Amino acid sequence: MTAAVYPGSFDPITNGHMDIVTRALALFDKLIIAVYEKPDKRLLFSLEERVEMVQKAVVDLPNVCVQSYSCLTVDFIRQIKGKAMIRGLRMNSDFEQEFEMALMNKKLAPDIELVCLMADSGYQFLSSSSIKEVAKLGGCLEGMVPEHVAEALREKFFLKAARFSTLERR
Ligand code: ADP
């Protein structure tokens with residue numbers, strides 16, 4: 001059984017990520033979505049929240065499981081005996097960074113192959129950060145994230161706004 005790992009921050013998971021998940025599943029017997037605990041960026045959701053949202057999103061997909069990790073991605077892939085790492089590539093934003101990371105990973109773990117899937121044209125514009133920006137300003141997220149993610153984003157920003165206005169009133 002050939003297993004692949006799709007690592008990322010998933011803060012939160014979007015339909016662009018989901019497109020990569022379903023396409024990777026057509027290539028591999030098993031897919032492990034690996035949620036990285038502490039990426040070098042400001043997070044909106046906790047690790048538990050990110051994992052839970054990914055789990056809900058893939059609940060109907062066979063041969064997919066979700067795990068969190070905090071070590072080097074290649075070490076995690078070795079631990080679970082994975083053969084390949086999956087990444088999604090959007091036209092302008094990802095290539096340089098992914099290429100640099102791929103060379104480093106190849107140096108660290110020559111036995112693990114990188115499989116990059118081109119983002120679907122319908123999701124090229126989609127990123128977790130743009131989703132958060134739209135949600136923060138109350139924009140419509142239809143077709144961009146699973147419904148439970150849209151709900152979690154609304155809740156997060158609504159609660160933040162409510163807390164802020166309480167503080168302002170004091
Ligand atoms: P990371 O912090 O590791 O980049 P992300 O959660 O932002 O984590 O992304 C995980 C992977 O999914 C990356 O390879 C990223 O390029 C890819 N990805 C993000 N958004 C999209 C999208 N809209 N379409 C296809 N791939 C995407």
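Atoms within a ligand are numbered from 1 in the order they appear, just like the ligands themselves. Since we're looking at a predicted model, the values are computed, not measured. Residues: numbered from 1 along the sequence shown.
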Enter the distance from Lys30:NZ to Leu25:CG here, rounded to the nearest 0.5 Å.
11.5 Å

Please assess Val134 against Leu141 for the test side chain to side chain contact (heavy atoms under 4.5 Å, CB included), listing each intermediate value before the final yes or no.
CA-CA 7 Å; Val134 172; Leu141 295 172; 3.7 Å; yes

Proximity flag [X] to ligand 1, non-hydrogen atoms under 4.0 Å:
| X | result |
| --- | --- |
| Asp94 | yes |
| Lys41 | yes |
| Ser129 | no |
| Glu98 | yes |
| Tyr6 | yes |

Tell me whether [X] has any N or O atom under 3.5 angstrom from an N or O of ligand 1.
| X | value |
| --- | --- |
| Gly88 | yes |
| Ser9 | yes |
| Phe10 | yes |
| His17 | yes |
| Leu126 | yes |

What are the two closest heavy atoms between Arg23 and Leu117, and how far apart are they?
NH2-CB, 3.9 Å

Can you classify the ring geometry of Phe10 versus Tyr6 as parallel (below 30°), tilted (30 to 60°) or perpendicular (above 60°)?
perpendicular

What part of Ser128, side chain from CB on, backbone N/CA/C/O, both or neither, has a heavy atom under 4.0 Å from ligand 1?
neither

